[in-house]
Protein chains: 2
Amino acid sequence: MILTGQLDSPFVRRVAIAMHHYGLLFEHHVISAYDDFGELLALNPLGRVPALQLEDGTVLTDSTLILDYLDRLAEPDKVLLPEVAAVRAHLLRHLGIALGLAEKAVEFRTETVRRAEEKIDAGRVARIRAQIAACLTWLEAHTPENGYLAGDRLTHGDIASAVAMTFILAKNPEHLEAGDGGAEKVYPNLMDHRRRCETFLAFRSAPFPDDA
Amino acid sequence: MILTGQLDSPFVRRVAIAMHHYGLLFEHHVISAYDDFGELLALNPLGRVPALQLEDGTVLTDSTLILDYLDRLAEPDKVLLPEVAAVRAHLLRHLGIALGLAEKAVEFRTETVRRAEEKIDAGRVARIRAQIAACLTWLEAHTPENGYLAGDRLTHGDIASAVAMTFILAKNPEHLEAGDGGAEKVYPNLMDHRRRCETFLAFRSAPFPDDA
């Protein structure tokens, strides 16, 4: 399989981390969604990363749909989204907010970095900031002081939360310092959860790029 | 269950159609993602629709994650995403492009309608237009002349494609008329597939609003 996209994208990174966790071998095709837009459009009409090319040539897009496919290849003891209905609903809830946080953090950069200063819409920036702050507050309140989001094992919810936090820390740490005392004081559980996740082998095998 | 969001959103609408198809009863809470932003943020920190409140109070967001939950409640003969690996991969591919088309169509309106004219970024508009055109071309080439996208039954791929097309026809039909002869000539399979889907009871039970 071939995974296309840079690891500074939280969506590419969560797929890469899941593949390492599952022990699935893949080739990593590193191209930029902006600088290599033409090549990306040819591979995938949506012109977006991640894209995963399967052995038979099928190209899947959208990290959640890609993981729907990959989850079915996982060994039972490695599954990242348990089938038990109540646990799954709890994790789907968490996953929706964590993925939304990642999306809004990327959207914030698209609005503030990818366009000329005079084209930036202050109302839009304020709306995205409010969404990011609300997601962070919710996630902090629903992240345990130690361990995983549900039970005693890693899930897609943990991965999505950790990669979103790492992205924000690297790109726009100002989102985390709205209160007093800095990120560690305002979001202690979230920051600690992220730090622990980043020590796992699957995370270290798909590191956030230093130069991103 | 309570589904929040207006049916002019392709993402709210695909959830509503699936629930009608499954025969799942729900209350429909119609609020605007823009005009009722405060109420939405309180319900769901992401401040986005759709949101689905389950019987136990859990609120799920993200149409694909909501459907992951609902698909597990479906009668076997109504399932909208078959388990057979090859069929599922084929449909996930199609679903990714159809959902991406819907997302880009919504993003196009956010860029061109939701901000002051002097804040519109021509480069961004051109990029979104290119993505919409490429998705339409791909979907047209992969939509059969008659029937469903895979086998002899409706799937999430069919629903996503049809709701995206209905949204574009209502809101920005200019995306469909880039060639000569109008939408029916340029995208005959897609237009015909959409028209047929919109005659189904599940679609008519969650109609695109006339005044949207």
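Scope of the values below: all heavy atoms of this structure, side chains included, with no hydrogens, waters or symmetry mates. Protein chains get the first letters and strands the later ones, always in sequence-line order, with residue 1 at the start of each. Quick caveat, the model's predicted, so the values are computed rather than measured.
- Residue contact with chain A, scored on non-hydrogen atoms closer than 4.5 Å, is absent for B/Thr137.
- Per-residue heavy-atom pair counts under 4.5 Å with chain B were compared for A/Asp56, A/Leu92, A/Asp62, A/Leu99, and the maximum is reached by A/Leu92.
- Remark: A/His90 NE2 to B/Leu54 CG distance equals 13.0 Å, nearest 0.5 Å.
- For the atom pair CG of B/Leu95 and OG1 of A/Thr64, the computed distance is 10.5 Å after rounding to the nearest 0.5 Å.
- Between chain B and the options A/Glu103, A/Lys104, A/His94, heavy-atom pairs under 4.5 Å are most frequent for A/Glu103.
- Stacking of A/Arg88 on the aromatic ring of B/Tyr69 is not recorded, the 6.0 Å distance cut-off and the 45° axial limit not both being met.
- A salt bridge links A/Glu111 to B/Arg115: at least one charged side-chain nitrogen sits closer than 4.0 Å to a carboxylate oxygen.
- Between B/Leu46 and A/Cys135, the closest side-chain pair of non-hydrogen atoms falls below 4.5 Å.
- Looking at A/Arg127, both its backbone and its side chain come within 4.5 Å of chain B, counting heavy atoms on both sides.
- Heavy-atom pairs under 4.5 Å with chain B were tallied for A/Leu41, A/Leu73, A/Val59; the largest tally goes to A/Val59.
- Counting heavy-atom pairs closer than 4.5 Å to chain B, the top residue among A/Thr61, A/Leu136, A/Asp121 is A/Asp121.
- A/Arg93 places no side-chain N or O within 3.5 Å of a backbone atom of B/Leu60 that could act as its donor or acceptor partner.
- With chain B as the partner, the residue from A/Ala89, A/Ala85, A/Ala86 showing the most heavy-atom pairs under 4.5 Å is A/Ala89.
- The main-chain N or O of A/Ile120 is found under 3.5 Å from a side-chain atom of B/Lys119 such that the two form a donor-acceptor pair.
- The choice from A/Leu139, A/Asn44, A/Ile97, A/Leu52 that makes the most heavy-atom pairs within less than 4.5 Å of chain B is A/Ile97.
- Within 6.0 Å of CG on B/Asp77 lie more than 12 heavy atoms contributed by other residues, nucleotides or ligands.
- The CZ atom of B/Arg72 sits 4.0 Å away from the CD atom of A/Glu83 when rounded to the nearest 0.5 Å.
- Contact annotation for A/Glu118: only backbone heavy atoms (N, CA, C, O) come within less than 4.5 Å of a heavy atom of chain B.
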